[in-house]
J.: 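Have a look at the structure that comes next, please.
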Amino acid sequence: MSEKNQEQQPEQNLGELLQIRRDKLTALREAGKDPFKITKCDQDSFASEIHAHFEDYENKDVCIAGRMMSRRNMGKASFIDLCDKTGRIQAYVRINDVGEESYSDFKNYWDLGDIICLKGFVFKTRRGEISVHAKEIQLLSKSLLPLPEKFHGLKDTDLRYRQRYLDLIVNPEVKETFVMRSHIITAIRAFMDSHDFLEVETPVLHTIAGGAAARPFVTHHNTLDIDLYLRIALELHLKRLIVGGFDRVYEIGRVFRNEGMDTRHNPEFTLMEFYQAYTDYHGMMDLIEDLIRTVSTKVKGSSKITYDGVELDFGSPFCRMTMVEAVKKYSGVDFNEIKTLDEARAAAKEHNLAYEERHKKGDILNLFFDEYCEEKLIQPTFITEHPVEISPLAKRKEDDPNYTQRFELFVMGRELANAFSELNDPIDQRKRFEAQAAQKAAGDDEACDVDEDFLTALEYGMPPTGGLGIGIDRLVMLLTDQPSIRDVLLFPTMKPID
């Protein structure tokens, strides 16, 4: 059965198509031409290079390799499209050039999706298309499953995420997103290195879940016979390094949170945290603003980008307002005038905000912010001075100890980064850990335990320090204009089909 006829078969004949491909492989093997025994190809040129520098390549011999994505048979000659890591290029295969035996195998036993090696010279067709005129062809790997029909492609979103390899084959724009992701991370590292930060690696398995308010994944170490937690943050180990004398450190790594999944959340995601001694949260604001502006300009060519049809300006100074100011602006409630917990609860009831008995005034302020403010923060905005109840690792404000030296960066109504003037008072830190432990005992799965070793480190003395965490996946979403975190994760977490 010809490739053209195969492509026209209805979906119910898929089993027949699979058998045809396996029969072709069997025939090749019986003829001593098993493609899976081939170990290498002397690839020396790539599609994008040939297209970009045709004048240098014209009439020169090249060796290209990749996946055969289309074929147009014309009797004793054929045109094919070959796709390598850089893109597509047309190739012209003629029986007089490659030989009768090779051409017969090519025509009768090769299929779309097969991976091939082709040697020939570069030329332009009469229609002006840059192509490679084949002199030798070789089958390197047989595709035993047919690719999705080219005019409809792979549109099923769930299948695209589950079979990312197939998504990358048939949707070239997807590959560009992940190339861009790599460039973004490279640019981030270059920025951090240029500011004298040292990249480090810290443990993924923790004896205590801490550094963030999140439910951890629990595992068990058989030899030690203890439960361990997959890290929910990078913070506490990095601050130990500040104590140890590394004044500027950063880590880009996977963290794990046993929580819900949506367009902005995946159980494992990539986080960058960095810590700098002898600065505060204002220094962190300046640094992250500079980083985002620099990375955007480096990878996008501009400090202005478009996300979901909205132009975002990373070039202008980011807006800054306190959480109290934001809540007053968007809800009309002024927490500077609310002095007691009873007054805060009354305001919540008046605005139909549900709170829990354990919530204090600062928690209720945060509920107002979540309900009325977040989605309004489209352009880059720093929200500062969070209440101490929701900031167990941040230093208090000197002029108002009910609030902390903390900020969150919001873009397009989403939190992108979180930072503090780090709490370095071990006595205050112990009290806050103990308050968190009490909340955990009362049923708060996201509260943390008392980390005695971290307290010991603080007791040796940690200098004034600014620290920040930024979600790499969310930054990539912004810079690649992707609507879901799953679109920027090569292999997002999926519910098993069974």
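Scope of the values below: all heavy atoms of this structure, side chains included, with no hydrogens, waters or symmetry mates. Treat the numbers as computed from the prediction; the structure is a model and nothing was measured.
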J.: Rounded to the nearest 0.5 Å, what separates atom CD in Glu408 from atom CD1 in Ile390?
T.: 6.5 Å

J.: So, His221 and Asp227: side-chain donor and acceptor under 3.5 Å apart, yes or no?
T.: no

J.: If you take all heavy atoms of Arg164 and Asp487, which pair is closest and at what distance?
T.: NH2-CA, 4.3 Å

J.: Is any side-chain heavy atom of Lys395 less than 4.5 Å from a side-chain heavy atom of Asp428?
T.: no

J.: What's the shortest heavy-atom distance between Met284 and Phe420, and which atoms?
T.: CG-O, 4.3 Å

J.: Looking only at atom types and distance, does a side-chain atom of Arg293 sit under 3.5 Å from a main-chain N or O of Phe314, one as donor and one as acceptor?
T.: yes

J.: Measuring centre to centre across the rings, with the benzene-like ring taken for any Trp, is Tyr403 within less than 6.0 Å of Phe335?
T.: no

J.: Check whether any side-chain N or O of Asp193 sits under 3.5 Å from a backbone N or O of Asp196 as a donor-acceptor pair, and report yes or no.
T.: no

J.: Got a donor-acceptor contact below 3.5 angstrom from the His359 side chain to the Glu356 backbone?
T.: yes

J.: Are Ile184 and Met180 side-chain neighbours, meaning at least one heavy-atom pair lies under 4.5 Å?
T.: yes

J.: Can you tell me if NZ on Lys376 sees more than 12 non-hydrogen neighbours from other groups inside 6.0 Å?
T.: yes

J.: Taking Ser391 for its side chain and Pro387 for its backbone only, find out whether a donor-acceptor pair lies under 3.5 Å.
T.: yes

J.: Would a distance-only check, ignoring hydrogens and angles, find a side-chain to backbone donor-acceptor pair under 3.5 Å from Glu251 to Thr202?
T.: yes

J.: Might you confirm whether atom CD of Glu398 has over 12 heavy atoms from other residues, nucleotides or ligands at distances under 6.0 Å?
T.: no

J.: Please walk me through it: do Phe274 and Leu198 pass side chain to side chain contact (heavy atoms under 4.5 Å, CB included)?
T.: CA-CA 9 Å; Phe274 55 84; Leu198 178 71; over 6 Å; no

J.: Using 0.5 Å steps for rounding, measure from the CE atom of Met477 to the CG atom of Leu416.
T.: 10.0 Å

J.: Looking only at atom types and distance, does a side-chain atom of His220 sit under 3.5 Å from a main-chain N or O of Ile226, one as donor and one as acceptor?
T.: yes

J.: Just one of Lys361, Glu357, Lys360 clears the side chain to side chain contact (heavy atoms under 4.5 Å, CB included) bar with Arg345, so which one?
T.: Glu357

J.: Can you measure from CG (Asp308) to CD1 (Ile378) and round to the nearest 0.5 angstrom?
T.: 9.5 Å

J.: Counting C-beta onward and ignoring hydrogens, is there a side-chain heavy-atom pair between Leu312 and Gln379 closer than 4.5 Å?
T.: yes

J.: So do Ile364 and Phe368 actually touch side chain to side chain, heavy atoms under 4.5 Å?
T.: yes

J.: Is there a donor-acceptor contact under 3.5 Å from the side chain of Glu446 to the main chain of Pro216?
T.: no

J.: How far does CG of Leu458 sit from CG of Asp453, to the nearest 0.5 angstrom?
T.: 10.0 Å

J.: Quick one, Ile252 and Ile185 - any side-chain contact, counting heavy atoms below 4.5 Å?
T.: yes

J.: How about Phe191: does its CZ atom have over 12 heavy atoms from other parts shown lying under 6.0 Å from it?
T.: yes

J.: For the residue pair Tyr372 and His351, does the interplanar ring angle fall in the parallel (under 30°), tilted (30 to 60°) or perpendicular (over 60°) class?
T.: perpendicular

J.: With Tyr307 as reference, evaluate Leu478, Thr480, Leu479 under the side chain to side chain contact (heavy atoms under 4.5 Å, CB included) test and give the passing residue.
T.: Leu478

J.: Please assess Glu268 against Phe491 for the test side chain to side chain contact (heavy atoms under 4.5 Å, CB included), listing each intermediate value before the final yes or no.
T.: CA-CA 10 Å; Glu268 58 174 310; Phe491 301 103; over 6 Å; no

J.: Find out whether Arg432 and Val388 are in side-chain contact, i.e. whether some heavy atom of one side chain is under 4.5 Å from a heavy atom of the other.
T.: yes

J.: Sort out for me which residue in Glu259, Arg257, Arg474 forms a side chain to side chain donor-acceptor pair (under 3.5 Å) with His265.
T.: Arg474

J.: Just so I know, are the side chains of Leu377 and Tyr330 near enough to count as touching, which here means a heavy-atom distance under 4.5 Å?
T.: yes

J.: Can you give me the closest heavy-atom contact between Asp84 and Gln43, atom names plus distance?
T.: CB-NE2, 4.3 Å

J.: Would you say Leu291 and Met192 make side-chain contact, with heavy atoms under 4.5 Å?
T.: yes

J.: Tell me whether Glu343 contacts the main-chain N or O of Lys339 through its side chain, where contact means a donor paired with an acceptor under 3.5 Å.
T.: yes

J.: Should Asp399 and Lys397 count as an ion pair when the cut-off is N to O under 4.0 Å?
T.: yes

J.: Start with the C-alpha distance between Phe36 and Ser141, add both sets of side-chain angles, then the distance that settles side chain to side chain contact (heavy atoms under 4.5 Å, CB included), and finish with yes or no.
T.: CA-CA 6 Å; Phe36 297 115; Ser141 181; 3.4 Å; yes

J.: Could you tell me whether the side chain of Asp313 and the main chain of Ser316 form a donor-acceptor pair under 3.5 Å?
T.: yes

J.: When you look at Asp286 and Arg320, which way does the salt bridge (charged side-chain N to carboxylate O under 4.0 Å, His left out) test go after all the steps?
T.: CA-CA 11 Å; Asp286 294 339; Arg320 303 184 183 195; 3.1 Å; yes

J.: First locate atom CG of Leu236, then atom CZ of Arg231, and finally report the distance between them rounded to the nearest 0.5 Å.
T.: 12.0 Å

J.: List the steps and the verdict of side chain to side chain contact (heavy atoms under 4.5 Å, CB included) for Ile472 and Ile188.
T.: CA-CA 10 Å; Ile472 297 297; Ile188 290 171; 3.7 Å; yes

J.: How long is the gap from CE on Met261 to NZ on Lys495, to the nearest 0.5 Å?
T.: 10.5 Å

J.: Please find the pair of heavy atoms, one from Thr465 and one from Ala277, that lie closest to each other, and give the distance.
T.: OG1-CA, 3.8 Å

J.: What are the two closest heavy atoms between Thr384 and Phe407, and how far apart are they?
T.: CG2-CB, 3.8 Å

J.: Checking salt bridge (charged side-chain N to carboxylate O under 4.0 Å, His left out) between Asp167 and each of Lys175, Arg160, Arg486, which is the one that passes?
T.: Arg160

J.: For Arg181 and Thr270, does a side-chain donor sit closer than 3.5 Å to a side-chain acceptor?
T.: yes

J.: State which residue, out of Arg240, Arg430, Lys239, fulfils the salt bridge (charged side-chain N to carboxylate O under 4.0 Å, His left out) condition with Asp451.
T.: Arg240

J.: Go through the side-chain N and O atoms of Thr404 and Arg396 and say whether any donor and acceptor fall under 3.5 Å apart.
T.: no

J.: What pair of heavy atoms forms the shortest contact from Glu289 to Pro317, and how long is it?
T.: OE2-CA, 3.2 Å

J.: Just checking, Arg248 and Phe197: is the charged tip under 6.0 Å from the six-membered ring centre and within 45° of the axis?
T.: yes

J.: Would you say that more than 12 heavy atoms from the other residues, nucleotides or ligands in this model lie under 6.0 Å from the CG of Leu205, or not?
T.: yes

J.: Looking only at atom types and distance, does a side-chain atom of His51 sit under 3.5 Å from a main-chain N or O of Arg88, one as donor and one as acceptor?
T.: yes

